[in-house]
Amino acid sequence: MPTLSKPQLIEPKSPWGAAFDQIYLGLCRDRVSILTALKFYVEHDLPPPEENSDAIPTTDEAEELRQIASALTVAAAASATMPAGVLAATLLKVAKNPDLFFPRELPAPVEWAMACDYQRGAEPLGTHWRDVWGDQVAAFPGQIEQPTGLNIAKAARAALASLQEKRKAVGSTIGQIRF
């Protein structure tokens with residue numbers, strides 16, 4: 001019996017706070033070996049402290065470890081996937097109402113799918129992906145433009161078509177998945 005998936009139009013509250021705390025505490029326990037391997041003490045012209053997992057990290061060590069814990073937590077959160085049916089339902093909803101994009105609250109998998117298929121004109125798909133993602137990733141230079149509703153709807157439809165094509169290919173191979 002087919003199931004009707006509901007769209008997910010906002011990024012859910014992160015459940016990763018506890019994971020960050022656990023990662024950070026683990027890093028603190030092994031901070032000397034980790035920070036030594038990363039040349040933290042050399043770069044700060046400090047002698048590495050003696051191994052002592054009970055010692056409280058200095059302010060500089062704590063800041064460095066927080067950045068590492070943040071990166072690891074973001075990577076863990078990014079690895080979480082949205083069910084294909086929910087992604088499809090959300091893309092369809094955005095294709096029908098592109099104004100849902102502009103509060104910039106869509107879940108990352110939806111924005112990612114749309115960014116991969118986004119076009120301003122006739123250029124290759126995904127050329128102007130930063131129009132969808134914004135300037136959050138400063139390491140990639142390029143001109144960002146405010147996307148139009150028409151281009152957002154077009155990207156959502158293209159992403160939905162790509163998703164459906166992938167699902168059909170898997171369904172025909174396995175014989176169990178149908179869209």
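Here the structure is a predicted model, which is why all the values come from computation and not from measurement.
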Contact check, side chains of H128 and E145, non-hydrogen atoms, under 4.5 Å: no
NZ/K93: more than 12 non-hydrogen atoms of other groups inside 6.0 Å: no
For L87 against A113, the heavy-atom pair lying closest together: CD1-CB, 4.4 Å
Gap separating the CD1 atom of I34 from the CG atom of L27, nearest 0.5 angstrom: 4.5 Å
Heavy-atom check, side chain of T59 versus side chain of E63, under 4.5 Å: no
Y118 vs D131 side-chain heavy atoms within contact, under 4.5 Å: yes
Closest non-hydrogen atom pair between A156 and V94, with its separation: CB-CG1, 4.1 Å
Shortest non-hydrogen separation from P98 to G149 and the atoms involved: CB-O, 3.3 Å
T73 OG1 to Q22 CD distance, which is reported to the nearest 0.5 Å: 10.0 Å
Atom pair CG/OG of L38 and S33 - distance to nearest 0.5 Å: 9.5 Å
Validation row: R66, F20 side chains within 4.5 angstrom (heavy atoms): yes
Cluster check W112, L125: I/L/V/M/F/W/Y, side chain < 4.5 angstrom: no
Any donor-acceptor N/O pair, T36 side chain to V32 backbone, under 3.5 Å: yes
Check: R104 side chain, V132 main-chain N or O, donor-acceptor pair, under 3.5 Å: yes
Non-hydrogen side-chain atoms of N151 and Q119 separated by less than 4.5 Å: no
Heavy-atom side-chain contact between M114 and W129 under 4.5 Å: no
V42 reachable from I68 in the ILVMFWY side-chain graph, under 4.5 Å edges: no
Euclidean distance, E64 CD relative to T58 OG1, rounded to 0.5 Å: 10.0 Å
Side chain to side chain, Y24 and S70, heavy atoms closer than 4.5 Å: no
Note, S162 side chain near D117 side chain (heavy atom, < 4.5 Å): yes
From CG (L65) to CG (D60), nearest 0.5 Å: 11.0 Å
Separation of L91 CG from Q164 CD (nearest 0.5 Å): 9.5 Å
Heavy-atom pair with the smallest gap, counting every atom of A62 and P57: N-CB, 4.1 Å
T90 (side chain) donor-acceptor with Q8 (main chain) under 3.5 angstrom: yes
Test ring-ring contact (aromatic ring centres under 6.0 Å, His included) applied to F40 - qualifying residues, sequence neighbours left out: H44
